Colleague: 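Can you read through this structure? Questions will come right after.
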Amino acid sequence: TEIKEHNPQLLTDPQLQVIDFSFGENCNLRCRICMPGLSNKLRLDYRYFLKNDIDTTGMQDYDYRNDHPVTQALNSDPGAEYAVNNFNRDSHQWQDILDNIHELVHIKATGGETTLSKGFLEFIDTAIERDCAKNIVLEFHSNCTKFTNRLMDKINEFQELNINASIDSIYKNYDYMRYPMTWDKLELSLHNYLNKNTTPGNFAFNPVVTALNAHSIPALYQYQIQLAVQYKRPDVYWSLWVDLLWPEDKSINIKFLPRHIKQELIQLYSAMLEDQTTGVSCNIDNTIAFLTENLELEITEQHRINMLREITAFDKSRDQCYNDYLHPSIIEFLENPL
């Protein structure tokens, strides 16, 4: 918990200063790493699987034949806008937070897509109207596709901006991961943020590594290094924070790749750590450790089938083909029975 150093009274009379919000599931993308309980747009894929009897056996939150509570909710009303998780702006608790917004020093937020949340927008508008945004550190996750001029004017009012950019890959592999967004459109919004940002803070690329984008992580890192050079500012800290896939047993997890591909990835990621003068910190050593830990995991034909099933299910619902987007090593694994 963060304490205002100039107010020792808080040690004996503590006040709520830091809040971590989840602003619901409203989103504009259908990311392959996500699930319909976190992005309402993914219910389009769920409905497609259900309507067309696509085999989704074992697919987390998409196996419409199981009795998981999320699945039951989606089956009962697959078209509902908020079938699973919605942020309640009419609650007494939310109003109490807004009434005491001047006491807050740090806000953390996620979605769905945070910048589309009415609750998030109401919060920043209230903080600005009551002249306390300048005293609040604003930290949030975003897919970085909605950084409009209007939003930039507002978030620049805050004391500090810490952005966790949910960008998993680069170029056409990004298009595959973050459907229906395209890399070109993302770049327009991303550069608008970097051009118009006047506030100190952190800017972290926060990819989730999977079998789909594992080979693109080094290129994404190099791209971020180029941005850090282009928009060099002493008051902005750059980092690449690579997260492992959750739930861990999802079939596109990198641990279910064969040993030779995991060794290939360890070499690629180790090279990222060799140059420590890039100006962008990187936690890829955690991913290297995870791959090393699972290097001797026995990969069976069923692992290959499960991964192929999940990939092709989404290919059908988006009219895509993995051959056009994935690394040759992954394609070879998918197409050759063990």
Side-chain angles (χ1 to χ4, degrees), residues 19-51 54 56 59-64 66-95 97-98 107-125 138-148 151 155 163-168 174 176-181 185-186 189 206-208 210 212 243-250 252 310 313-314 317-318:
I19 304 179
D20 194 341
F21 288 107
S22 177
F23 278 110
E25 58 188 14
N26 191 28
C27 193
N28 60 325
L29 304 186
R30 294 155 61 184
C31 306
R32 289 184 180 241
I33 60 168
C34 198
M35 55 196 69
L38 297 176
S39 168
N40 57 350
K41 290 297 183 292
L42 281 168
R43 285 199 273 284
L44 293 172
D45 297 281
Y46 190 96
R47 289 200 296 272
Y48 180 90
F49 300 153
L50 185 64
K51 179 180 179 181
I54 302 297
T56 57
M59 286 173 54
Q60 180 74 26
D61 284 344
Y62 291 97
D63 189 349
Y64 48 85
N66 71 20
D67 58 356
H68 190 278
V70 173
T71 305
Q72 291 176 346
L74 290 171
N75 285 349
S76 64
D77 192 4
E81 183 178 1
Y82 296 105
V84 182
N85 173 34
N86 188 23
F87 183 81
N88 185 6
R89 292 170 58 219
D90 297 323
S91 69
H92 172 75
Q93 184 183 41
W94 176 241
Q95 290 305 314
I97 289 171
L98 295 182
I107 290 300
K108 302 178 183 180
T110 189
E113 168 49 34
T114 313
T115 60
L116 291 178
S117 167
K118 293 180 180 179
F120 177 74
L121 297 175
E122 182 180 14
F123 178 88
I124 62 176
D125 284 343
L138 184 62
E139 177 178 346
F140 62 96
H141 289 264
S142 175
N143 59 35
C144 299
T145 63
K146 294 293 183 179
F147 285 134
T148 62
L151 179 61
I155 62 178
I163 307 297
N164 295 307
S166 298
I167 301 174
D168 291 310
Y174 171 89
Y176 193 66
M177 296 291 298
R178 295 260 162 182
Y179 182 88
M181 186 52 56
K185 291 180 180 178
L186 167 71
S189 177
N206 188 198
V208 176
T210 71
L212 308 181
D243 276 331
L244 297 170
L245 185 64
W246 180 89
E248 188 176 319
D249 287 334
K250 282 176 68 71
I252 58 173
E310 177 166 337
F314 283 101
S317 66
R318 290 121 187 263

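Nothing here was measured: the structure is a model prediction, and the numbers come from that model.
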Colleague: Under the side chain to side chain contact (heavy atoms under 4.5 Å, CB included) test, which residues partner Lys146, sequence neighbours left out?
Modeller: Asn28, Thr115, Leu116
Colleague: Are Ile33 and Arg178 side-chain neighbours, meaning at least one heavy-atom pair lies under 4.5 Å?
Modeller: yes
Colleague: When rounded to the nearest 0.5 angstrom, what is the spacing between CD in Gln60 and CD1 in Ile252?
Modeller: 11.5 Å
Colleague: For residues Leu212 and Arg32, determine if any side-chain heavy atom of one lies less than 4.5 Å from a side-chain heavy atom of the other.
Modeller: yes
Colleague: Going by side chain to side chain contact (heavy atoms under 4.5 Å, CB included), name the residues that satisfy it together with Tyr179, two or more places apart in sequence or in a different chain.
Modeller: Arg30, Arg318, Gln320
Colleague: Say whether, by atom type as modelled, one donor and one acceptor occur between the side chain of Glu113 and the main chain of Leu29 under 3.5 angstrom.
Modeller: no
Colleague: Using the test side chain to side chain donor-acceptor pair (under 3.5 Å), find all partners of Tyr174 that sit at least two apart in sequence or belong to another chain.
Modeller: none
Colleague: Suppose the criterion is salt bridge (Lys or Arg N to Asp or Glu O under 4.0 Å): which pairs have a residue in residues 33-42, not counting sequence neighbours?
Modeller: none
Colleague: Could you tell me the separation between the CG atom of Asn164 and the CD atom of Glu139, rounded to the nearest 0.5 Å?
Modeller: 5.5 Å
Colleague: Taking all non-hydrogen atoms of both residues, which atom of Asp168 and which atom of Pro207 are closest, and how far apart?
Modeller: OD1-CA, 3.3 Å
Colleague: Within this structure, what is the CG-CE distance for the pair Asp45 and Met59, rounded to the nearest 0.5 Å?
Modeller: 8.5 Å
Colleague: My understanding is that only residues two or more places apart in sequence, or in another chain, count here; which of them pass side chain to side chain contact (heavy atoms under 4.5 Å, CB included) with Leu121?
Modeller: Ile124, Leu151
Colleague: Between Pro36 and Arg43, what is the shortest heavy-atom contact and its length?
Modeller: O-NH1, 2.8 Å
Colleague: So which heavy atom on Cys27 is nearest to which on Ser39, and how close?
Modeller: CB-OG, 3.4 Å
Colleague: Could you walk me through whether Asn143 and Met181 satisfy the side chain to side chain contact (heavy atoms under 4.5 Å, CB included) test, starting with their C-alpha distance in whole Å, then the side-chain angles of each, then the deciding distance to 0.1 Å, before giving a yes or no?
Modeller: CA-CA 10 Å; Asn143 59 35; Met181 186 52 56; over 6 Å; no
Colleague: Write down the atom of Ala165, the atom of Cys144, and the distance for their closest heavy-atom approach.
Modeller: CB-SG, 3.4 Å
Colleague: For Gln95, what residues pass the side chain to side chain donor-acceptor pair (under 3.5 Å) criterion, not counting sequence neighbours?
Modeller: none
Colleague: Do side-chain atoms of Thr114 reach the backbone of Ser142 as a donor and acceptor pair under 3.5 angstrom?
Modeller: no
Colleague: Once the angle between the rings of Phe120 and Phe140 is folded into 0 to 90°, is it parallel (under 30°), tilted (30 to 60°) or perpendicular (over 60°)?
Modeller: tilted
Colleague: Just how far is it from atom CG of Leu138 to atom CD1 of Ile107, taken to the nearest 0.5 Å?
Modeller: 8.0 Å
Colleague: Heavy atoms only: give me the nearest Asp243-Asn206 pair and the separation to one decimal.
Modeller: OD2-ND2, 3.0 Å
Colleague: Search all heavy atoms of Trp94 against all heavy atoms of Gly119 and return the closest pair with its distance.
Modeller: CZ2-O, 3.4 Å
Colleague: Supply the atom-to-atom distance His141 NE2 to Phe23 CZ, rounded to the nearest 0.5 angstrom.
Modeller: 12.5 Å
Colleague: Between Ile54 and Tyr62, is there a side-chain heavy-atom distance shorter than 4.5 Å?
Modeller: no
Colleague: Starting at OG1 of Thr56, measure out to OH of Tyr64 and round the result to the nearest 0.5 Å.
Modeller: 5.0 Å
